[in-house]
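When reading the values below, keep in mind they use all heavy atoms of this one structure, side chains included, and skip hydrogens, waters and symmetry mates. This is a predicted model, so every value here is computed, not measured.
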Amino acid sequence: MLTTLISQSQFTLPADLQNSEQIQPLVVAMAMSNLVTQTLQKQPDLFAEWKNNLPTTNECGNYLSRLNELLVTVENEEQLSRELRLFRHRELSRLSFLQSNKLATVEFVFQRLSDLAESLILAARDWLFKRCCEEYGTPMNSLGEQQELLILGMGKLGGGELNFSSDIDLIFTYPDTGETEGGRKPIENSKFFIRLGQRLIKALDDITADGFVYRTDMRLRPFGDSGALVFSFAAMEDYYQEQGRDWERYAMIKAKILGEESQNINHRYLKQMLRPFVYRRYLDFSAIQSLREMKQKISREVVRRNLTDNIKLGAGGIREVEFIVQTFQMIRGGRDKILQERSLLKVLPRLSDLNLLTQAQVEKLHNAYIFYRQVENVLQAIDDKQTQTLPTDPEDQARLIFACQCYWQQELNSETVIFIEHQFNDWAGFLAVLNGYQNEVRHIFNELIGEEESEDEASPLNEKLAEWKDILNYTISLEDLSAVLKNYPQVAESDYETIFHHFSTTFQDWVKRPIGVRGREVLRNLMPKIADSIFEREDYLLLLPRLLNIVDKITTRTTYLELMVEREQILPQLLTLCSKSVMIAEQIARYPMLLDELMRYNGLTEVLELGQYQSALQDYLIRIPEEDEETLIDGLRQFKQTQILRIAASDILGVLPVMKISDHLTYLAEAIINAVVHMAWKQVSQRFGTPEHLESDEKGFAVIGYGKLGGIELGYNSDLDLVFLHNAPENSQTIGGKKEISSHQFYLKLAQKINSIFNLNTSAGVLYEVDMRLRPSGEAGLLVSTFNAYEHYQKNEAWTWETQALVRARCVFGAEHLRQEFERIRQSTLALPRTSSQLRQEICEMREKMYQHLSSHSQDQFNIKTDQGGITDIEFIAQYLVLAHSNENPQMAVWSDNVRIFDSAVECGILSLPESEQLKHCYTSLRNKIHHLNLLRKESMVEATEFVKEREFVRRMWQSLLN
């Protein structure tokens, strides 16, 4: 087998060495590791050195001083990067040589790998620290003491158990706040150390022409990726006291201060600060449940990710050995201080000393762990890749067989080195030995960590929820998420990254919030239920961001989180409403109190009676002091949003038909207009008094609603088309105010105030968008007109399109006599005699202009509002019928809404009943679709294949009436 490996070596030896027995160890090293071969090819001076003096264990060490000597001549970060990488490759190759030729124990190799990594990190840190001090000044605290960057090495680096191609997990910290001294401009210590940390990561992690030093993972720091890169001691202490979790305690067991010096006061303080978080002073059996959940997560992860060939994560693998040892450290380490060790191999024998494990169990775990680490190091030394998966390539399998048949290891709890031999010569034999170790570890693991899941706990639903609970945290990975999503056939693999982005972004934000222990536990139970419910549906991509947004807004309000967990009827209703309406989802997120309404099935669909909106609004506002204008305006918006939510819920759940939806939206708007006018009147009159021509309690002011408001056809996103009228005589003045002005000026200021209230943007949004362009002379005209001026304009100067707009006009605020006056003007204007052919021509020309400028002109889509056969055509037909026939049939000018106009056309013999009914059907169907698109915040566009019959009928009616 060795002959085969040597013959497969990629490196060609010089002719004078090809038959030399002295060079055989070098060939073995190259045959066992592509990394060694490539390093010797790239560094011929190293090959020349080895040719004369093969590596020995004596040369492996003293890394930091050798590095510091090497870096003395380095002048820039590019040179630093190169020297670090070349040094690392040389030393890794040296250790690989020793490993391949069985010249060192397994323990020696991973301890030296850890020493090498620590030295490279410290040398880079120290070189960069000096450079940063030159650029920014030296970081100092308030006592004038120089500050330093301390680095916690986590995981295998901290435990002195690093692999050939391990990632390094680091946490950066510094002692005190303050600012730099001696630079061009002082900066805060936090900024100094963040910049230093960023440059250190770049020096280690960047892949250059010379490769990389170490892949650097900073996610174990407080708050993970969303946290600051570097924390002060005080900030770290606050975090671990207030928010530290069991898995962070578990990780912190192996934390080592790199370059630790017992006389360094900062090092001593940091150790003392972290110890109480990791090791409780009592037997910490409270950790058992979380540890049991970790155990179950390991088991599920093996199944989910098909990790049976993974010597780290698979059943009975490295992770389970580590877990067994660290479990005892978490539970008993506070009382039994001999367990307060970072190295697994040092802790193992102490478990039998404390009678926590038998001597036989400890020996089995020790031997299995050493075998696994030999396998792991050989695997990673092949190509400098972080892998723990058994190879399928025959050449790599041969390498493992050769390396693991025999190797050196230290005897348990002794300095004695022994030679281990296994009896296998093929891959099947290797697997048999490996499986024997795995079975022994798994047996011990199952004996120690909790009981098996009950039949109920192992149900398919609970299994899925448990998998979600495993991965839904701020360290969520795309790989783990993808494995869980495979349980949901309707979820497309192409959507996995989008889903991951939603979860990852949300969790990174949540980890920084003061949610509290209770709140986080409730979230851990709630989020799996939400995730499972969402991904059981086809519209998961719509629902996920909407539900996450709702939960996001209540993360610090634990009562609402518990409400969603405990009341099972809430989540299904929430999914139904949010799937149909992004508007509802946003409303509930903004006002979580609405979740209370979901406790009763019909809670959100109990809309007010049409005549109750005004009194309900008055009751709502009465609790707000009259002088608090901003809060009153905010109250108007909140009332509007709450009522629209109820109306929309009734719409979605089919409680109200489309005509009733518009009625409710219109009556709600009228109630708000009424409140806004009274609010504006009070403020303007306090300053200027009231017009002298008015009787007590009169206002002499009317608000005319045009368009959808006038036609009682408001939608969810409709603007308000308004015109303001008043009845003040020409020379009237105000009386009773701080300043007297003309009544015309008073009404102008009133109109301006009304407009500003509607458009003021508060925390609850804008009340309504208001459009005033339909007033006489449009934007060039006065903001408010007298009734007389308005009548004159409508009858003598208005364009046909303005008269069309008058069809859908209605007085929505004003005393009864003003309403009657407006209606007289409206009906008499609409009833003026018109030439039928000219009317048709003007309407058709106007429609053609609108079509050219506003329609979609798409073969594949239909714009419900503006395309031919759509809403606008139906409205124009109704307006034509009114303008063409009101002179002879006054009944045609009575109603402002299209449906009753078509009814009137039947009564007057202008349309047949089937024509009227079909027009109403077309109109209500199209409006209903627009309502639902509004709820989804979508444009009024559908596929061209929709509403084909309706559009064709509307076109035929257009041809019949207007062409």
Side-chain angles (χ1 to χ4, degrees), residues 219 223-226 243 245-248 289-290 293-294 296-297 300-301 304 457 459-488 491 495-537 539-575 577-579 585 588-589 592 595 598:
R219 289 177 296 176
F223 303 114
D225 282 341
S226 61
Q243 301 192 50
R245 283 152 289 179
D246 283 335
W247 71 263
E248 288 176 296
Q289 182 55 39
S290 61
E293 289 180 2
M294 288 185 201
Q296 293 167 356
K297 178 179 178 180
R300 289 190 293 271
E301 190 172 10
R304 184 170 70 243
E457 288 172 333
S459 70
L461 174 59
N462 281 342
E463 187 65 26
K464 283 197 293 182
L465 295 182
E467 289 186 17
W468 280 116
K469 185 178 286 190
D470 289 344
I471 70 166
L472 290 182
N473 53 64
Y474 78 78
T475 58
I476 187 173
S477 71
L478 178 59
E479 181 184 10
D480 287 343
L481 177 65
S482 301
V484 178
L485 288 174
K486 292 186 187 301
N487 295 326
Y488 302 87
V491 178
D495 292 332
Y496 286 4
E497 285 199 23
T498 302
I499 295 167
F500 171 74
H501 175 74
H502 284 304
F503 277 127
S504 178
T505 303
T506 301
F507 295 149
Q508 292 296 333
D509 189 41
W510 286 358
V511 76
K512 293 181 287 188
R513 296 188 186 170
I515 296 173
V517 175
R518 175 170 153 235
R520 290 189 186 279
E521 184 58 30
V522 178
L523 271 175
R524 288 185 74 243
N525 293 321
L526 173 62
M527 289 308 300
K529 293 181 179 180
I530 289 177
D532 179 68
S533 299
I534 287 174
F535 295 113
E536 287 289 354
R537 299 171 59 110
D539 54 354
Y540 53 87
L541 276 187
L542 283 176
L543 280 169
L544 181 60
R546 296 175 189 177
L547 266 295
L548 285 177
N549 185 44
I550 290 172
V551 180
D552 180 73
K553 297 301 186 292
I554 59 174
T555 51
T556 57
R557 303 170 74 172
T558 307
T559 301
Y560 284 120
L561 294 174
E562 290 175 333
L563 181 69
M564 290 185 68
V565 170
E566 295 169 7
R567 301 302 176 101
E568 294 183 356
Q569 71 270 36
I570 289 180
L571 185 55
Q573 287 189 76
L574 201 56
L575 291 170
L577 294 173
C578 290
S579 68
I588 294 176
L595 289 170
L598 294 173

Legend entry - Nearest-0.5 Å distance, NE2 of residue His502 to CG of residue Leu543: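 Taking NE2 in His502 and CG in Leu543, the distance rounds to 11.0 Å.
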
Inset, instruction - Mind checking the CG-OG spacing from Leu481 to Ser504? Nearest 0.5 Å is all I need. - result: 10.0 Å

Inset, instruction - Walk me through it: do Asp495 and Leu485 pass the test side-chain contact (heavy atoms from CB on, under 4.5 Å)? - result: CA-CA 10 Å; Asp495 292 332; Leu485 288 174; over 6 Å; no

Side-chain heavy atoms of [X] within contact of [Y], under 4.5 Å:
X	Y	value
Leu561	Val551	yes
Leu465	Asn525	no
Leu523	Trp510	yes

Legend entry - Cationic N near anionic O, under 4.0 Å, Lys464 to Glu536: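 Counted as a salt bridge, because a side-chain N and a carboxylate O are separated by less than 4.0 Å.
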
Inset, instruction - List the steps, then state whether side-chain contact (heavy atoms from CB on, under 4.5 Å) holds for Cys578 with Ile550. - result: CA-CA 10 Å; Cys578 290; Ile550 290 172; 3.7 Å; yes

Legend entry - Tyr496 and Phe500 aromatic centres sub-6.0 Å: no

Legend entry - Selection residues 541-556 - residue pairs positive for salt bridge (Lys or Arg N to Asp or Glu O under 4.0 Å), sequence neighbours left out: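 For residues 541-556: Arg513-Asp552.
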
Legend entry - Under the side-chain hydrogen bond (donor to acceptor under 3.5 Å, both in side chains) test, residues paired with Thr506 that sit two or more places apart: none

Inset, instruction - Please step through side-chain contact (heavy atoms from CB on, under 4.5 Å) for the pair Ile530 and Leu548, ending with a clear verdict. - result: CA-CA 9 Å; Ile530 289 177; Leu548 285 177; 5.9 Å; no

Inset, instruction - Return the orientation label for the Trp468 and Phe535 ring planes: parallel under 30°, perpendicular over 60°, tilted otherwise. - result: parallel

